[in-house]
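These notes concern the structure reproduced below.
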There are 2 protein chains.
Amino acid sequence: MKILSFAEENYLKAVYHLSNAGELDVTTNSIAEEMDTKAASVSDMLRRLSEKEMVVYKKYQGVKISEKGKTAALQVIRKHRLWEVFLVEKLKFNWDQVHEIAEQLEHIKSPLLIQRLDDFLGHPKFDPHGDPIPDENGLFKEKPQVPLAEVEVSGDGIVVAVKDTNSMFLQHLDRIGIYLGAKTKVTEKVEFDGSMEILIDGKNKLFISKEVAENVLVTH
Amino acid sequence: MKILSFAEENYLKAVYHLSNAGELDVTTNSIAEEMDTKAASVSDMLRRLSEKEMVVYKKYQGVKISEKGKTAALQVIRKHRLWEVFLVEKLKFNWDQVHEIAEQLEHIKSPLLIQRLDDFLGHPKFDPHGDPIPDENGLFKEKPQVPLAEVEVSGDGIVVAVKDTNSMFLQHLDRIGIYLGAKTKVTEKVEFDGSMEILIDGKNKLFISKEVAENVLVTH
DNA sequence: AAATAAAATTAGATTAATCTAAAAAATATT
DNA sequence: AATATTTTTTAGATTAATCTAATTTTATTT
């Protein structure tokens, strides 16, 4: 298999994520938005990725990731998430500081390095945001995740991930006291604006907006 | 200060190393050889680095690294060597496996990452090859060189120089398998005649005389 | 179904990094 | 000093990745 450039790996990751986030065919514009680039650049890159058989691309019809592409994307994601674990567990970064650095580290090419890093970290199964880490074969198990917004009153769960990983949002969560692994119980839901009252770890009462409730994922 | 590309950082490193390895003006060809590229590419890159004031470049006259360039080069070298320590100390790589990987890792841009890595590693002063690690300000101390004769039993080091440079002596070293950069470990010392048993690169057992031991300089 | 709007692609430029081949400058040799 | 050789630079191409502007295709709306 040919080696992919940093740019190709990034586009492939975007296609993978958008594929998983629903629609059958990923649109050019959705990729452009995700990658903060222009549609023309995306068209060009899709042509190249298609030549390398990483995606199945039909002009004007959108794009689908191929098996080959999925394998490649999952290896990049594996690297990204392992590095995030390293940064948080070993280098004492906060979970909201690691994404940008992992974006760089994920492109380092050395299978042995990743194997050793995985050993060093004790074969973690989830990254600091609760996302699963694919193994060498790209296999992983999802924790079933539900947005807090969908939990009924008196239902409880454990915070396992966030949908939106932008730094401002994570800092907000930190500030109000929501963290990975926190135990949640929905105590009240307000119909008209989607906000809710919850209990963190059975003691801290919190009021959260619809936006927060939709972006905090819990298992239950 | 502007951000340098990977390629620019690599050329700058080469200029820095060649500057230190002797001559006042580094030649285009020597850079081309060091970097395994063509002279035309070097000329082009020197023009660019010169525009960024990283080097002082006069056509046909060779090039000299500037203060600005030296600072930038030393930061890359600092990163390279810290990563090498990480790979050997934490990920259990052998010292001969780490260079290629560190060549990639050295280009990761995050001052905070390097600060944290340095903390995590306990502020090492030398990399696994015995080369000094510059601090945040680019300052470093060369490792003191000690004759093998003064190393204690079980102490290891790296051959960095010879005291006696006459050809017969050097030929003798060649014959018995001692070379610049060889990893040494003293396994036994004989009191009455100053001879010793050493291990080269962890595998070749050698008996050397007092004369040899006094003239081979190692860092440790 | 024709007109309009939106989405996607192509055309044409630009920048970085590289190359080969040709030209220019510096060095070495007769 | 004139010539030959080596070194270095420039000229001109190429590839990857990007952009803006123009065009084409698809979708939507009257």
field: Of the listed nucleotides C:dA26, D:dA17, C:dT20, the one nearest the side chain of A:Arg48
entry: D:dA17
field: Among C:dT10, C:dA8, D:dT8, the one nearest A:Asn29 by side-chain distance
entry: C:dA8
task: Side-chain contact test, heavy atoms from C-beta onward, threshold under 4.5 Å: evaluate it for A:Lys79 versus A:Leu105 and give yes or no.
output: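 No, their side chains stay 4.5 Å or more apart.
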- prompt: With a 4.5 Å heavy-atom cut-off, do B:Thr219 and B:Phe126 have their side chains touching?
  reply: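 The answer is no, as the side chains (C-beta and beyond) never meet within the 4.5 Å cut-off.
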Does [N] have OP1 or OP2 under 4.0 Å away from a side-chain N or O of [X]?
X       : N      : result
A:Lys59 : C:dT10 : yes
A:Tyr57 : C:dA8  : no
A:Ser41 : D:dA17 : no
B:Thr37 : C:dC19 : yes

- prompt: For B:Ser43 and A:Asp36, take the nucleotide of DNA chain D holding the closest heavy atom to each; which residue's nucleotide lies nearer the 5' end?
  reply: B:Ser43
field: Sugar-phosphate, base or nothing in reach of B:Thr28, heavy atoms under 4.0 Å
entry: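 Contact class for B:Thr28: sugar-phosphate only.
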What is the distance, rounded to the nearest whole Å, between atom [atom1] of [X] and atom [atom2] of [N]?
X       : N      : atom1 : atom2 : result
B:Tyr60 : D:dT6  : OH    : P     : 17 Å
B:Asp44 : D:dT10 : CG    : P     : 9 Å
A:Ile31 : C:dA8  : CD1   : P     : 9 Å

Stepwise side chain to side chain contact (heavy atoms under 4.5 Å, CB included) test for A:Ile77 and A:Asp131: CA-CA 10 Å; A:Ile77 290 166; A:Asp131 295 314; over 6 Å; no
- request: Report yes or no: is the cationic atom of A:Lys90 (NZ for Lys, CZ for Arg) under 6.0 Å from the centre of the six-membered ring of B:Phe86, at an angle within 45° of the ring normal?
  value: no
- prompt: Any ion pair linking A:Arg116 and A:Asp119 (charged N to carboxylate O, less than 4.0 Å)?
  reply: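 Between A:Arg116 and A:Asp119 there is no salt bridge, as every charged N stays at least 4.0 Å from the carboxylate O atoms.
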Any residue of residues 4-13 of chain A with a heavy atom less than 4.0 Å from an atom of DNA chain C: none
- prompt: With no hydrogens and no angle check, is any side-chain donor or acceptor of A:Glu53 less than 3.5 Å from a backbone partner on A:Ser66?
  reply: no
Along DNA chain C (nearest heavy atom to each residue), the more 5'-positioned of B:Met45 and B:Lys38: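 The residue mapped nearer the 5' terminus is B:Met45.
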statement: Result for side-chain hydrogen bond (donor to acceptor under 3.5 Å, both in side chains) between A:Glu106 and one of A:Arg78, A:Arg81, A:Lys13 points to A:Lys13
